[in-house]
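Below you'll find the structure, written out as structure tokens, and then a few comments.
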Amino acid sequence: MNRPSRVELLQGTLDLLILRTLMPGPSHGHAIARHIQQTSEDLLQVETGSLYPALHRLEAQGWIAASWELSDKGKRARYYRLTASGKKQLAAEQSKWEAFSRAMGLILKPADQEGA
């Protein structure tokens, strides 16, 4: 079976993925990227050059907060957590994404062509 090629992220999608990844609790950058890759069945791979600027942007907007802590391996790592404002933003962005996804589905597979 051929593995599908990786999908390029739409602008703004990375923020939503990060916010959703932090919903269960704090995580460091490498774990966030790994979670997105594993959960997407390797279709999405977030590069360091995209991840950390996004984390800094989300922190500047007040949607996440960061603190230095020791990782499971005993190394100092910056852990990010969702703020109350971030939870509201996640709900808003998720709602927009679901509407967009539904609209794309309607356009790509119109009801009158389902049997075709």
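We're numbering straight along the sequence, starting at 1.
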Can you sort out the partners of H35 under side-chain contact (heavy atoms from CB on, under 4.5 Å), two or more places apart, ordered by chain and number?
T21, T39
Roughly how far, to the nearest 0.5 Å, is the OH atom of Y80 from the NE2 atom of H28?
11.0 Å
CD of E98 to OG of S95: how many Å apart, nearest 0.5 Å?
6.5 Å
Set of residues satisfying side-chain contact (heavy atoms from CB on, under 4.5 Å) with respect to A91, sequence neighbours excluded:
none
Mind checking whether K87 and L90 have side chains closer than 4.5 Å, heavy atoms only?
no
Closest non-hydrogen atom pair between G49 and P53, with its separation:
O-CG, 3.2 Å
Among residues at least two apart in sequence or on other chains, which ones pass salt bridge (Lys or Arg N to Asp or Glu O under 4.0 Å) with R81?
none
Once rounded to the nearest 0.5 Å, what's the spacing between atom CZ of R102 and atom CD1 of I107?
11.0 Å
Going by heavy atoms in the side chains, are L70 and K75 under 4.5 Å from each other?
no
Identify the heavy atoms of S85 and G62 that sit nearest to each other, and give their distance.
CB-O, 3.8 Å
Heavy-atom closest pair (G29 atom, L51 atom, distance to 0.1 Å) is O-CD2, 3.2 Å
CZ of R34: more than 12 outside heavy atoms within 6.0 angstrom?
yes
Restricting to side chain to side chain donor-acceptor pair (under 3.5 Å), what partner residues turn up for E93, sequence neighbours left out?
Q89, K96
Looking only at heavy atoms, the pair that brings I18 and I36 closest together is N-CD1, 4.4 Å
For residues 49-68, which residue pairs pass the ring pair (Phe, Tyr, Trp, His ring centres under 6.0 Å) check, not counting sequence neighbours?
none
Enter the distance from E59:CD to I64:CD1 here, rounded to the nearest 0.5 Å.
6.0 Å
Measure across A65 and T83 and return the closest heavy-atom pair with its distance rounded to 0.1 Å.
N-CG2, 3.8 Å
What residues, two or more places apart in sequence or in another chain, satisfy side-chain contact (heavy atoms from CB on, under 4.5 Å) together with E69?
S67, Y79
Starting at CG of L55, measure out to OG of S27 and round the result to the nearest 0.5 Å.
9.5 Å
Does the S40 side chain pair with the main chain of L44, one donor and one acceptor, at a distance under 3.5 Å?
yes
Which pair of non-hydrogen atoms, one from L16 and one from Q94, has the smallest distance, and what is that distance?
CD1-N, 3.9 Å
